[in-house]
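A quick write-up on the structure given underneath.
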Amino acid sequence: MPKFKTGTTRPTIWVVRFDGVAQKENLAYQDVQQVLPVSTRSLHQDQSQPSSSEALSVNQEMTSSQNPEVSDIQQSVVEAPQDVQQVLPVSTRSLHQDQSQPSSSEALSVNQEMTSSQNPEVSDIQQSVVEAPQDVQQVQPVSTRSLHQDQSQPSSSEALSVNQEMTSSQNPEVSDIQQSVVEAPQDVQQVQPVSTRSLHQDQSQPSSSEALSVNQEMSSSQNPEVSDIQQSVVEGLQQGPEDPSFTNPNYDDIGNWPKVITSNFRDYMTLRGTEKLQNVAETYPRDTFGERRSFNKSWYHQMKGGSKVQRTWLCYSPSQNKIHCFCCILFPVGKNNQFKNRDGFGTWDKLSARIKSHEDSNDHRESYRRWKQSQLALQGKGKRIDDELQKQYCALVEQSREILRRIVSAILFCAKQNLPLRGHDESRKADKNPGNFLAALEFLSDFDPLMKKRLQDAAGKKNVPSYLGHDVQNELIGIIASEIRKTILKKCKEAKFFGLILDTTTDMSRVCQLSEVLRYVVVEDGKVRVEEHFIDFIPMSSESAEALATTIMDKLEKDGIEIQDCRGQTYDNAATMSGTHSGVQKRILHINKKAKFIPCDNHSLNLVGRYAAERNHQGITFFDAIGALYNFFSPSSHRWAVLLEHTSAVKRHCDTRWSSKAEAVKAVQNGIDGIVAALEKLANSEAETAKTRVGAATNLKSIKSFEFLALLNLWAQILPHIERAQVALQSANIAIDKSTLLLENLCNILDKKRNSFCEQALGFATQKSHEWNINYSQKRIPRKPRYGGAKDAALNVKEETSRCMFEIIDEMKMQMGQRFEGIKYLKQTFSFLWKFRDLFLSEYSPTKEDVSDLGKKCIEFCAEYDDVTSSKDLCMDIVDALQLLKFEQQQRHENSRSGASGGDEFSPAGILAFLSSLGPDSYPSLCTALRIFLTIPSSVASAERSFSKLKLIKDFLRTTMGQQRLSDLAIISIEREIAVQINIDAIIDDFAQKKVRKI
């Protein structure tokens, strides 16, 4: 590639976006620039030269008046596509002369002699030009005088020869194009530089588009053909970053079209047609002044030859309440009028005469002809000059898009699998680890030649965009995450009502992360889904209730979610979140009274077990002993091997997950004999260290006690019921009715089996005590009462253990009654839904008392939620829907011998699905009540699950990860079901529209 001298102007090049829009930038030569650099190097002008618009105006006026034939040649040349015109000026550099050089005829003679030795065909063309009439030869110097060159520049034949050799080595196709240009007639070559000189302007001069616009107005009145030439030049200059997205829905209104009509936009609209642009309607708005007339759709047709003919060129703008001429705006010819400009025509009382005169005008006929001619060419029925270059460009764009499809797929793979994308050294050397992202692409390149070539070009440091850097990674990750987030928020807005789920944790960088999760109901195709979706991780610098509430409100406003549509909020039981006076839930309730707060039932159930275990010292020491067993065996591989020789492994438990306590207790309960044998072996072996022997003896003493054995059996009976309830409560689509049913069932089990739990636990402890010779009948020494207190009963070990177990069970029942008041309150508010279901499942028809009671519940509901405006409508919806549901039950009973129906079919979600299948207008009050009920969350399990992903994404090796990248990777990983369905082409389109990119 040739180098430019110091101080010379950098060449103006065209960098092409992936969406098909060309943009002009002063950049270094790249892939696309290598196609057209030869055609642009010859256009660099000295700063002292006149502007292109002035030279063009003088040249066209003189040429047109002296020789019409030359003017016609200019017209045909300048109307050629702009990209081809940029290639042609290579052959015209020989015409640029300094003022001190000989006259145009002498220069032409010298040029002819020099060119004849290199190209005989060009010499013949020049000879024919010299032999042309004298008036034609006098025109030529005028069109070339504005292209003065410095004397130090080479002659035209040398420049042409060098330029052709260099271009041929870079791009054979461009060399062929130049060769065809050189073989064109010489008089055509002399005219072409005028149309291209406007691309190279000094910075102090006005832009080429502005200069040509003024020149166009001045020349239009003198010569219409010159105006057409200028119009085509302006069209070439108007390709740039201003080009809009052609798929903008606002472009169905011709009044919203961009002010600058580019060639790409013209081609798109020509193929699209005018069907949507006509905006045909039965009625149109009337004027607010005068006789208040309006447009009528009858103007879209006219009578010709006794038949009705449609005016396809006529378009109506709803935003302006005016009409426009489609073809005259895209292909303007002649003077301007109201049909052609952007103001439009709206004088309806004069429309009859004006539409006829415009339709019969020569300018409109010419614009209409150009419209149809362009339509034929774009549909493949005609041939365009730039077809070959357009094919090359499209192939290059498609190639870059294919590369990006693979890159986006690799990013999605790593993000969904929680894999780190970047490596320690991304130079892709053989002995280095480049990271999972580049490794995945290298693995793909073994089977993909296109990807392999791009990686080789990038490794060779060729001037080729690789899109493999971390900046592009972050940009693509952000676009993918934004697309997922938009999908979720769109569904949330369509559902209208939503529930808010928030929880906080600390990541590996000691940053407090607030997890935002939204819950809403989706009704599609007669099916109801309750969905909970992660939105973002929000860093918190302060954990006060005021700061948390302000952050939540700001985030909802940023997401475009109305807080007034919130119908439920669920947090953990921390005082900052759940405080009844100044907690986060209370601050949001001040803003929206319908955002009912429910403490997380999973956290509440954990606290129930925790406070029950801490009711007495026996319960506290029991779980300490369970944890001590795991802590003794797990650090040493030798001790662990001894344990496995006698029984299965013990498990660890934590205070915040009581399901883990169930697994730990179960492991000890099932392997208690083997654990005792392993501890005795380690405690009595002289080969073991003193630390091991002492630890084994201590643990052996703890578990070989009557209290430990009794509590072990007691918790082994209770914890499975708690575990089953917690697992069910962690479901994302569980509703309050099922949550309440699970908690009530657990409470009933504790109440009914209180005595049997204790008796069975005492029996197990007694049996093991006999086997291990444990004395449990000895009475405890009575304590002296202090300050006149009650006397100590001096119970024996068995009696004392029985009292402790009863205390634990009673404490659990009391804690459950206190901590689930929120759900009980909502159950009372929505009790008509349970009543409704019970009436539906019963064998008798509802009585007047039932309907009266139902009406009272509806009144209470409407007092809480004004979303249902009439309690009477709600009550009637329930009664009417009851008849339909009973009829549906009878039909199923007749069609099924068993007559049994699943419980899910009669749940609130099942009832809502049934009513939705009847139509969107069926029982709207009842459907709204059911949707509100299903929207209220009762657990923060979805936010807790996001913390698991947080630990996988931001581990101890990735603590420096940025917050935005962390949040984007988290939503891709958590919402992988949406990520799998994402449209990769839409991601690439968004990526291309962010800024101008090289391909």
Side-chain angles (χ1 to χ4, degrees), residues 245 247-249 412 415-416 474-503 513-525 527-539 548-571 588 591-592 594-595 732-733 867 928 931-932 934-937 940-943 945-946 949-950 963-987 989-991 993-994:
S245 174
T247 60
N248 193 329
L412 278 171
K416 288 187 295 184
N474 291 338
E475 191 171 355
L476 288 172
I477 291 172
I479 293 173
I480 296 170
S482 177
E483 195 71 21
I484 297 173
R485 198 172 288 112
K486 287 178 182 177
T487 303
I488 296 172
L489 294 177
K490 181 182 177 182
K491 290 183 178 180
C492 183
K493 294 174 184 178
E494 292 174 352
K496 185 175 175 58
F497 306 121
F498 71 94
L500 188 61
I501 302 173
L502 299 171
D503 202 359
Q513 300 285 354
L514 176 65
S515 177
E516 176 191 7
V517 177
L518 297 181
R519 175 187 174 103
Y520 52 85
V521 179
V522 177
V523 181
E524 290 180 348
D525 301 330
K527 296 181 180 179
V528 175
R529 299 192 311 273
V530 180
E531 299 182 356
E532 293 181 358
H533 292 286
F534 171 81
I535 301 298
D536 263 320
F537 281 129
I538 307 170
L548 287 168
T550 303
T551 302
I552 293 167
M553 298 300 298
D554 293 342
K555 185 60 170 63
L556 290 176
E557 183 179 359
K558 180 182 177 181
D559 293 337
I561 303 296
E562 291 289 340
I563 187 61
Q564 296 300 328
D565 293 333
C566 181
R567 292 297 174 268
Q569 47 178 330
T570 298
Y571 318 124
I588 293 180
I591 302 173
N592 179 12
K594 291 176 285 187
N733 59 359
D867 305 291
T928 301
R931 286 171 53 218
I932 293 174
L934 293 173
T935 300
I936 301 175
V940 296
S942 295
R945 280 189 283 267
S946 68
K949 295 293 185 180
L950 174 64
Q963 180 64 34
Q964 189 61 47
R965 182 182 175 101
L966 168 64
S967 185
D968 292 340
L969 287 174
I971 195 172
I972 296 173
S973 176
I974 296 170
E975 304 297 336
R976 58 184 304 148
E977 293 182 1
I978 301 177
V980 170
Q981 301 174 359
I982 201 167
N983 187 357
I984 295 181
D985 287 330
I987 300 299
D989 293 339
D990 195 1
F991 175 73
Q993 292 174 6
K994 292 291 184 182

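No experiment lies behind these values; they were computed from the predicted model shown.
- Shortest non-hydrogen contact noted between Phe991 and Leu476 is CD1-CD2, 3.6 Å.
- Arg485 is linked by a salt bridge (Lys or Arg N to Asp or Glu O under 4.0 Å) to Asp536, Asp968, counting only residues two or more places apart in sequence or in another chain.
- A distance-only check finds no donor-acceptor pair linking the side chain of Glu975 to the backbone of Ala481 [under 3.5 Å].
- In this structure, CG on Asn474 lies 9.5 Å from CD on Gln964, to the nearest 0.5 angstrom.
- In this structure, Leu502 and Glu516 have side chains that are in contact, with non-hydrogen atoms separated by less than 4.5 Å.
- Here the closest non-hydrogen pair linking Phe537 and Ser946 is CZ-O, 3.4 Å.
- Formation of a donor-acceptor pair under 3.5 Å by the Ser967 side chain with backbone atoms of Gln963 is not found in this model.
- Annotation: salt bridge (Lys or Arg N to Asp or Glu O under 4.0 Å) contacts of Arg529 (sequence neighbours excluded): Glu524, Glu531.
- When the side-chain hydrogen bond (donor to acceptor under 3.5 Å, both in side chains) test is applied to Asp985, the partners found at least two apart in sequence or on another chain are Arg405.
- With sequence neighbours excluded, the residues satisfying side chain to side chain contact (heavy atoms under 4.5 Å, CB included) with Ala732 are Glu532, Ser942, Arg945.
- Residues Val530 and Asn733 approach most closely at O-CB, 3.4 Å, considering heavy atoms.
- Taking 4.5 Å as the limit, every side-chain heavy atom of Ile535 sits out of range of all side-chain heavy atoms of Val517.
- Identified under the salt bridge (charged side-chain N to carboxylate O under 4.0 Å, His left out) test for residues 486-502, with sequence neighbours left out: Lys496-Asp565.
- The two residues Phe497 and Tyr520 come nearest to each other via the heavy atoms O-CB, 3.6 Å.
- Partners of Phe498 under the ring pair (Phe, Tyr, Trp, His ring centres under 6.0 Å) rule, at least two apart in sequence or in another chain, do not exist in this structure.
- Counting all heavy atoms, side chain and backbone alike, Gly568 lies closest to Ile936 at CA-CG2, 4.4 Å.
- Applying the side-chain hydrogen bond (donor to acceptor under 3.5 Å, both in side chains) criterion to Arg567, with sequence neighbours excluded, gives Asp867.
- Note that the CG atom of Asn592 and the CG atom of Leu500 stand 11.0 Å from one another [nearest 0.5 Å].
- Listed here is the closest heavy atom pair of Ile477 and Arg965: CD1-NH1, 3.9 Å.
- Partners of Glu483 according to the side-chain hydrogen bond (donor to acceptor under 3.5 Å, both in side chains) rule, which considers only residues two or more places apart in sequence or in another chain, do not exist here.
- Although no hydrogens or angles enter the test, the distance criterion places a donor-acceptor pair under 3.5 Å between the side chain of Thr570 and the main chain of Pro937.
- For the atom pair CD1 (Ile978) and CD1 (Ile972), the distance works out to 11.5 Å, reported to the nearest 0.5 Å.
- Considering Ile982, Ile984, Ile971 in turn, Ile982 is the only one that fulfils the side-chain contact (heavy atoms from CB on, under 4.5 Å) rule with Ile480.
- Taken from CD1 in Ile484 to CD in Gln981, the straight-line distance is 10.5 Å, to the nearest 0.5 Å.
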Fill in: side-chain contact (heavy atoms from CB on, under 4.5 Å) evaluation trace for Val980 with Lys416
CA-CA 9 Å; Val980 170; Lys416 288 187 295 184; 3.8 Å; yes

Would you tabulate the side-chain donor-acceptor contacts of residues 557-564 under 3.5 Å, counting partners in other chains and residues two or more places apart, or write 'none'?
unit_1: Asp559; atom_1: OD1; unit_2: Lys555; atom_2: NZ; d: 3.0
unit_1: Asp559; atom_1: OD2; unit_2: Lys555; atom_2: NZ; d: 2.7
unit_1: Gln564; atom_1: NE2; unit_2: Ile591; atom_2: O; d: 3.1

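- Rounded to the nearest 0.5 angstrom, Asn983 CG and Thr487 OG1 are separated by 10.5 Å.
- By the side-chain hydrogen bond (donor to acceptor under 3.5 Å, both in side chains) test, Gln569 is found to be paired with Tyr571, residues two or more places apart in sequence or in another chain being considered.
- Around the CG atom of Asp525, the shell of radius 6.0 Å holds no more than 12 heavy atoms that belong to other residues, nucleotides or ligands.
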